[in-house]
Novice: 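Here it is, the structure in full.
Lettering follows sequence order; numbering is per chain, from 1.
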Amino acid sequence: MQKYNPQKIEKKWQKEWYSSGDFVAKNTSKKPKFYLLDEFPYPSGDGLHVGHCRPYIGLDIIARKRRMEGFNVLYPMGWDAFGLPTENYAIKTGVHPTVATAKNTKNFKRQMNLLGLSFDWSREINTTDPKYYKWTQWIFIKLFENGLAYKEKMAINWCPSCKTGLANEEVINGNCERCGTKVEKKEKSQWLIKITKYADRLIEDLKNVDYPARVKDQQINWIGRSEGINIDYQIENSKKFISVFTTRPDTNFGATFLVVAPDSKFVKENVELFPEKEKVKAYVKESLAKPEIDRTAEGKKKTGVPTGWSAINNLNGKKMPIYVGDFVLGQFGTGCVVGVPGHDLRDFEFAKAMGLEIIRVVVGPDGDTSEITDVRQVQEEKGAMINSGFLDGKDIHEATKIIMDHIVEKGWGTKVVNYKLRDWIFSRQHYWGEPIPMIDCPKCGWQTVPEKDLPVELPKVAKYQPTDDGESPLSAIEKFVNTKCPKCDGVAKRETDTMPNWAGSNWYFMRYADPKNNKEFSSEKNLKYWMPVDWYNGGMEHTTLHLLYSRFIFKFLWDIDAVPKEIGNEPYKKRTSHGIILAEGGVKMSKSKGNVINPDDIVKEYGADTLRVYEMFMGPFEQMIPWDAKGIVGARRFLEKVYTLSLKPEARNPKSETNPKLVNELNKTIKKVSEDIEAMKFNTAISAMMSFVNEWQASEIGLDKKDLQKFLAILSPFAPHLTAELGLKEKTWPEYEEVKETTVMMIVSVNGKVRDKMEMKAGLDQSQVEGLVLHAPKIKLWLEGKQVRKIIFVKDKLINIVV
RNA sequence: GCCCAGGUGGUGGAAUGGUAUACACGAAGGACUUAAAAUCCUUUGAGCGUUAGCUCAUGCGGGUUCGACUCCCGCCCUGGGCACCA
């Protein structure tokens, strides 16, 4: 008897597949196209661990099924290789990042091929290849030319450990996304991208894509749209106005003070004029020195100082003192809020801390109209108006509409929409990234590098170390920095900051359509054929980073006709997310904990097909799941069984015939597997095949030649090497016949409790079943002395007698 | 605090209104073997009972329904995201 030897057969078939070009997608085909994509990895020196493999295997199953269904499938892979670990490795060892990257990608590719993944390697891309990042730079230039890239001096998030600025999306709980260091505020001149201009469309167009609800929710939340009104209040004894953003103008009769943020424009412009300017200056200095996280960590404790100025409420002429307080954010709205302490928790706390007046303008729960002295009386979201002149008695929502129109009509303010989303800080002070292709001319200002001079290549340097003063290491290289102005030919300097590591992944999915094009980032013809991506899988951690950024950049390129209009303005039709694999015991796998499982070891011990089946069987694809070193043997045993049973003589004998019961089971299994793969329910697809194999093993005569082909076909996306070895010839996805059962197991219950199961002919109607059931001795026992009140009947399934 | 997902045997999980615990791991017993491994067979939610069988059990408490892991209301816990966003 031959023994299942995966190590031997897997090598053989991989060699065959990768040399034959079986997985190479064609740019023209009579077949319908299907573009399947998983996020490309950062090739770290540690190599792949088993967690990386899960999404690749899952999508590989779909890719293989689609090919069998007659699609021209594009399933590509590449490397998102700019980033800090490689740079840090270069700093430590002096090995150039290009060299380290080449070594790492080679290792990653070896590991991927070890799993038999059906990637089209003819389209392999690398974001650090100058031929690739030429186009990343080109996109930056287009953004600049269209007014969406600008340089501004501002307080940015600064990671003192990585020595670089960070985007808001890269700050997690006040810490650096990469290294966890507490982020500081630092004044720096930075390139920013106006993603906020696309905020509405990034929300609106989610309606047209098939993403999981949690992904849509998170993006919508992150963008944080709020509709409201900017009200201008005149400053007492002055011609100046102060503008305030509010979503609740209905409560404006209850406004008793104004608070401006320490870093707001209003403070910057007027600080010298404040009667209390010394107090204000001291407060501003103190609060800006605090890292943002410390400020919020102090929770609800409100601080502030009066400016000495007051503003006048247009509605009732009331004088409202203006304070500076750091619970107000400088970057949101106008950097200034109107305090309605009776109906906003934060305003209440501020009023209490400063001893300011509190006016009730909304009736509280149970009709409470008393003076507000306690936090629990602060009514925020519902109620009817009171003490508010012409709004009295109205519901707050109705009152909001009325007062908005009133304020606009009177010319006291304008309706506006604000977003939590900020413009994207695009400058990094590191070596290993795309140089920003801009030149600063003392005469002409910022100029783009002409397209013919692209790419601006990273110069060879001896020192990669980022500097403490926040300057990029490139700034020390005079040969790189000093250049000529493309406009006036005068002496000018290059931008020395590089792009964030998200830049290369903004558009990579389009490069796969045309990876070797030297004239365009991707040809119109190929984009029209392949885009949009039909199915994009990736990690939840990218929802408000890469996924949002790349949707934005795609929309921009669509707007400027860099991509054909007919492919639509969303890059990805469907998005799914995989759960990460945890180490045994449910903790994260990490090098420092020493609990990382390397797929190389698993393949060596059990074979790639076993690893593939196990990773798909462990649990739901989208769910986080711990690795179980013992559990994997179940997958191996299953494949062993398939191997042994497939080599049985009847499967080789053309005259043999499968018994009808097993044929029925096979049909049901094909149906289940076909449907489950589409829903990414790989775990239940495998359990159905396991059940089938158990039946197959138990039946005296096994599958015949034809049925064996069908079974191997549905197993092949999961265990492609094994099924190829067992002689799978079928290149199409098998069809199934709908199984009609002749007998059914009728569930008999009394008062909803199962009391018996009776086998009977299928298709009987209620009276026929009643006849059989009501006289059955077991049931009679339950009905004795009781009156039948009602009978519920579900055909071929269940009968419930209510007594 | 807000938004989202989840809570089922010893373990991973299955079942989206109709047989709760499929499939797999582990464990126990048995067969084969000089022995072990591998393989195969049996048992495996808890309790009561000699058996037939009965009762209880899907985080907790209510509700809807002939019937609820599944739907509704109120809690508790775990994970993820956001967080003084006016």
Novice: In residues 417-424 of chain A, what residues come within less than 4.0 Å of RNA chain B, judged by heavy atoms?
Specialist: A:K420, A:R422
Novice: Starting from the 5' end of RNA chain B, give me the residue, A:V633 or A:P620, whose nearest nucleotide shows up first.
Specialist: A:P620
Novice: Heavy-atom count check: over 12 atoms from other residues, nucleotides or ligands less than 6.0 Å from A:K216 NZ?
Specialist: yes
Novice: Check whether any side-chain nitrogen or oxygen of A:R637 sits under 4.0 Å from OP1 or OP2 of B:rC25, and answer yes or no.
Specialist: yes
Novice: For B:rC4 versus B:rG12, give the span between their P atoms, rounded off to a whole number of Å.
Specialist: 27 Å
Novice: Heavy-atom nearest nucleotide on RNA chain B for A:T246 versus A:Q697: which residue maps closer to 5'?
Specialist: A:Q697
Novice: Taking atom types as modelled and ignoring hydrogens, do the side chains of A:D628 and A:Y614 form a donor-acceptor contact shorter than 3.5 angstrom?
Specialist: no
Novice: Is there any side chain to side chain donor-acceptor pair (under 3.5 Å) pair reaching into residues 615-626 of chain A, and which pairs are they, with sequence neighbours excluded?
Specialist: none
Novice: Should A:R755 be listed as having a side-chain N or O under 4.0 Å from OP1 or OP2 of B:rC54?
Specialist: yes
Novice: Can you pull the side chain to side chain donor-acceptor pair (under 3.5 Å) pairs that have at least one residue in residues 243-258 of chain A, sequence neighbours excluded?
Specialist: A:D232-A:S243, A:Y233-A:N252, A:R248-A:D250, A:D250-A:T400
Novice: Write out all pairs satisfying salt bridge (charged side-chain N to carboxylate O under 4.0 Å, His left out) with one or both partners inside residues 673-698 of chain A, taking only residues at least two apart or from two chains.
Specialist: A:K65-A:E678, A:R66-A:E678, A:K671-A:E675, A:K672-A:D676
Novice: Is B:rG9 syn or is it anti, if syn means the base angle is within 90 degrees of 0?
Specialist: syn
Novice: Given the C1' atoms of B:rU58 and B:rG17, what is the spacing between them in whole Å?
Specialist: 15 Å
Novice: Which pairs of donor and acceptor atoms, one on a side chain in residues 629-642 of chain A, lie under 3.5 Å apart (sequence neighbours left out)?
Specialist:
from	atom 1	to	atom 2	distance (Å)
A:R636	NE	A:E640	OE2	2.9
A:R636	NH1	A:Y606	O	3.1
A:R636	NH2	A:E640	OE2	3.1
A:K641	NZ	A:N694	OD1	2.9

Novice: Would you classify A:E640 as touching base, sugar-phosphate or nothing, given that sugar-phosphate means primed atoms plus P, OP1 and OP2, and contacts are heavy atoms under 4.0 Å?
Specialist: nothing
Novice: Dump the pairs, protein N or O against N or O of nucleotides 61-66 of chain B, anything under 3.5 Å, distances to one decimal.
Specialist:
from	atom 1	to	atom 2	distance (Å)
B:rC66	OP1	A:K790	NZ	3.1
B:rC66	O2'	A:N800	ND2	3.4
B:rC66	O2	A:N800	ND2	2.3

Novice: Given B:rU19, B:rC25, B:rC4, identify the nucleotide with an atom nearest to the side chain of A:R214.
Specialist: B:rC4
Novice: Rounded to whole angstrom, note down the C1' distance from B:rC76 over to B:rG53.
Specialist: 37 Å
Novice: Would you say A:S226 and A:N418 are linked by a side-chain donor-acceptor pair, where the criterion is simply a distance under 3.5 Å?
Specialist: no
Novice: Just to be sure I understand: a Watson-Crick pair is purine N1 to pyrimidine N3 plus N6-O4 or O6-N4, both under 3.5 Å. Using that and G-U wobbles, which stems of three or more pairs involve RNA chain B?
Specialist: B:1-7 with B:76-82, B:10-12 with B:23-25, B:26-31 with B:39-44, B:45-48 with B:53-56, B:59-63 with B:71-75
Novice: Within a radius of less than 6.0 Å around CD1 of A:I701, do more than 12 heavy atoms belonging to other residues, nucleotides or ligands occur?
Specialist: no
Novice: C1' atom, B:rG10 versus B:rU44: distance in rounded Å?
Specialist: 10 Å
Novice: I'd like to know whether A:R575 forms a salt bridge (charged side-chain N to carboxylate O under 4.0 Å, His left out) with A:E39, so could you lay out the CA-CA distance, the side-chain angles of the two residues, the decisive distance to 0.1 Å, and finally the verdict.
Specialist: CA-CA 11 Å; A:R575 168 82 176 185; A:E39 288 170 352; 2.9 Å; yes
Novice: Which residues in residues 678-690 of chain A have at least one heavy atom lying under 4.0 Å from any atom of RNA chain B?
Specialist: A:K681, A:N683, A:T684, A:S687, A:M690
Novice: Which part of the nucleic acid, if any, lies within contact of A:K641, taking any heavy atom under 4.0 Å across all strands shown: a base, the sugar-phosphate backbone alone, or nothing?
Specialist: sugar-phosphate
Novice: Under the ring pair (Phe, Tyr, Trp, His ring centres under 6.0 Å) test, which residues partner A:F682, sequence neighbours left out?
Specialist: A:F621
Novice: I'd like the P distance from B:rU65 over to B:rC3, given in whole Å.
Specialist: 30 Å
Novice: Generate the contact string for nucleotides 69-81 of chain B. Rules: B means base contact, S means sugar-phosphate contact only, - means no protein heavy atom under 4.0 Å.
Specialist: ----------S-S
Novice: Considering only residues two or more places apart or on different chains, which pairs with a residue in residues 537-547 of chain A satisfy salt bridge (charged side-chain N to carboxylate O under 4.0 Å, His left out)?
Specialist: none
Novice: Under the salt bridge (charged side-chain N to carboxylate O under 4.0 Å, His left out) rule, what pairs show up with a residue in residues 789-803 of chain A, not counting sequence neighbours?
Specialist: none
Novice: Roughly how far, to the nearest 0.5 Å, is CD1 of A:I580 from CD1 of A:I625?
Specialist: 11.5 Å
Novice: Which part of the nucleic acid, if any, lies within reach of A:K757 when heavy atoms closer than 4.0 Å are counted: base, sugar-phosphate only, or nothing?
Specialist: base
Novice: Under 4.0 Å from OP1 or OP2 of B:rA24: is there any side-chain N or O of A:N694 that close?
Specialist: yes
Novice: Is the number of heavy atoms from other residues, nucleotides or ligands within 6.0 Å of NZ (A:K593) greater than 12?
Specialist: yes
Novice: Can you classify the ring geometry of A:H546 versus A:H542 as parallel (below 30°), tilted (30 to 60°) or perpendicular (above 60°)?
Specialist: perpendicular
Novice: With a 4.0 Å cut-off, would you call A:E349 and A:K352 a salt bridge?
Specialist: no
Novice: Any base atoms under 4.0 Å from A:I625, or only sugar-phosphate, or nothing? Heavy atoms, all strands.
Specialist: sugar-phosphate
